[in-house]
Number of protein chains: 2
Amino acid sequence: MSKCQQCIIRQFNSLKHLSKEELVRVSACKTSKIVKKGEYLFEEGTRINGIFCIKDGICKVSKMSENGRNQTINLIKKGDLIGERSLISDEPSNLNAIALNDLEVCFIPKEEIIRDLKSNPTFTMSVLNDLAKSLKNSDNFVVDMAQKTVKQRLAETLIKLEDKFGTNDAGIINLQLSRDDFANIVGTATESAIRLLSEFKKKELLEFKGKEIKILNPKGLEKIAQGFS
Amino acid sequence: MSKCQQCIIRQFNSLKHLSKEELVRVSACKTSKIVKKGEYLFEEGTRINGIFCIKDGICKVSKMSENGRNQTINLIKKGDLIGERSLISDEPSNLNAIALNDLEVCFIPKEEIIRDLKSNPTFTMSVLNDLAKSLKNSDNFVVDMAQKTVKQRLAETLIKLEDKFGTNDAGIINLQLSRDDFANIVGTATESAIRLLSEFKKKELLEFKGKEIKILNPKGLEKIAQGFS
DNA sequence: CTTAAAATATGATATTTATCAGGTTTTTAA
DNA sequence: TTAAAAACCTGATAAATATCATATTTTAAG
């Protein structure tokens, strides 16, 4: 198994603040696994007892509402850590993590990381920083969900996806989501997501062929996200 | 000015993990202030550079949406800390904090707390814990906002308010909010909040006289929050 | 290659919610 | 105490969104 010390991925997250010795220890007790597209990395209600470092692939973080509908909270990509909350509280996870495409992850047990948290303040501050950023994102997300229309939210989602995952040479967003995935991110019915995507296409804000989406007029989408429509 | 060492409020938050010496230092550099009802404790876009400890009163945390509408994110009460995020990032606050009634707060400058974070792992873990809990709350809030109807959200809000602030001898919730406040928590128009409160009253789920609200049938409200209506 | 299943699409309709408009009551300040 | 302002309330209507029904296209499996 590859060693954390040599893993380039750690440069993208808090693990970069670990010393060489700490990394060696972490490396010794980590495990790796592959999660196939559509399978769970972890499930709501289970204890995860450690953090996952995403080496490759994209992971959808979601939660069931009491209404029985699924809401996607976040998309996690290569280089991100997930499961930080399990370090702190002993409660089972309140979230699902599902592979959107084949996922390569490392798992570091809780005790190991806690040991580092207690001894390495720089590492701890970095983890605090991550949580703080997530919290800010989440708060902003609440405001959007509460105050924006479905159309605004979909426009915003498209912009954010392009930002986060980039495009290929042809300008197509480097992430293929089903209409249902879009609906679950935006918090709407699948039919509504489909209709709005078609509307955006008709208005030449974007074009798509199946799941391949290319944004043609980002400014226009931005306007819509801000409520000018 | 009163001393942190003798302040009973700190028992309710992470500050309880500070040692006597640390508390003496904190106490020496803290400042106190009163914020009158309706005034800002701090404003979106300003740098706060420290944390506030709420000694008395209730504070509304909110954010303007791009649509120009206000969304209340959280209600903070006696014993809570607020502003933890400013410890970590240097960005200005993305939130407003407004006094719902007269507020008595202490302010502890950032540098002082960071010093303690670096030297006291128990304190740090407690702050991490707070952030993690907030994040969980926020995530749940996102799901509610995205997936529940206004009626469900209002019912849930009422239950949560009673939980958090309790009731007086007459069973009236210990917090007086305007209909507009309710609308901003639930994320709806003021008229809609009014209509639904009236509907709940008609169904004898609650009774109210002005801003004094008494829940009569908590199970019934719970049912509605879960989507049975 | 063929067929069944899943995903996408679109129309019709019902429901939810916002908006506007006009009241009444309560609170605030002079 | 009284006038003005703010908060509250209700109805009518419009807009947004969900739901249901059904057709088409795409994908997956045999």
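Values below: all heavy atoms of this structure, side chains included; hydrogens, waters and symmetry mates excluded. Lettering of chains follows the sequences in order, A, B, ..., and the numbering in each one begins at 1.
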Exercise. Ion pair present between B:K203 and B:E199, side-chain N to carboxylate O less than 4.0 angstrom?
Worked result: yes

Exercise. For the pair made of CD in B:E212 and C1' in C:dT26, what is the distance, rounded to whole Å?
Worked result: 13 Å

For this session: Round to the nearest Å and state the distance from A:E199 atom CD to C:dT8 atom P.
Result: 18 Å

Exercise. For residues A:K55 and A:S32, is any side-chain donor paired with an opposing acceptor at under 3.5 Å?
Worked result: no

For this session: Specify the residues of residues 58-72 of chain A, ordered by number, for which at least one heavy atom lies under 4.0 angstrom from an atom of DNA chain D.
Result: A:R69

Exercise. To the nearest 0.5 Å, what is the distance between CD1 (A:I213) and CG (A:N174)?
Worked result: 12.5 Å

Problem set entry | Closest contact, heavy atoms only, A:L103 versus A:G57 | CD1-C, 3.5 Å

Exercise. Mind checking what makes salt bridge (Lys or Arg N to Asp or Glu O under 4.0 Å) contact with A:E222, not counting sequence neighbours?
Worked result: none

Problem set entry | Nearest atoms (heavy-atom pairs only) where A:T188 meets A:A193 | CG2-N, 4.1 Å

Exercise. Can you tell me how far C1' of C:dT8 sits from CD1 of A:I213, to the nearest Å?
Worked result: 12 Å

Exercise. Counting only non-hydrogen atoms, which of residues 141-161 of chain B are less than 4.0 Å from DNA chain D?
Worked result: none

Problem set entry | Sequence-aligned protein contact record of nucleotides 4-14 of chain D, with B where the base is within under 4.0 Å of a protein heavy atom and S where only the sugar-phosphate is | ---SSBBBB--

For this session: State whether A:F107 and A:K33 meet the cation-pi test: NZ (Lys) or CZ (Arg) under 6.0 Å from the six-membered ring centroid, and within 45° of the perpendicular axis.
Result: no

Exercise. When you check the gap from the basic side-chain N to the acidic O, do A:K60 and A:D181 get nearer than 4.0 Å?
Worked result: yes

Problem set entry | A:E91: salt bridge (Lys or Arg N to Asp or Glu O under 4.0 Å) partners, not counting sequence neighbours | B:K136

Problem set entry | salt bridge (Lys or Arg N to Asp or Glu O under 4.0 Å) against A:R153, all qualifying residues, sequence neighbours excluded | none

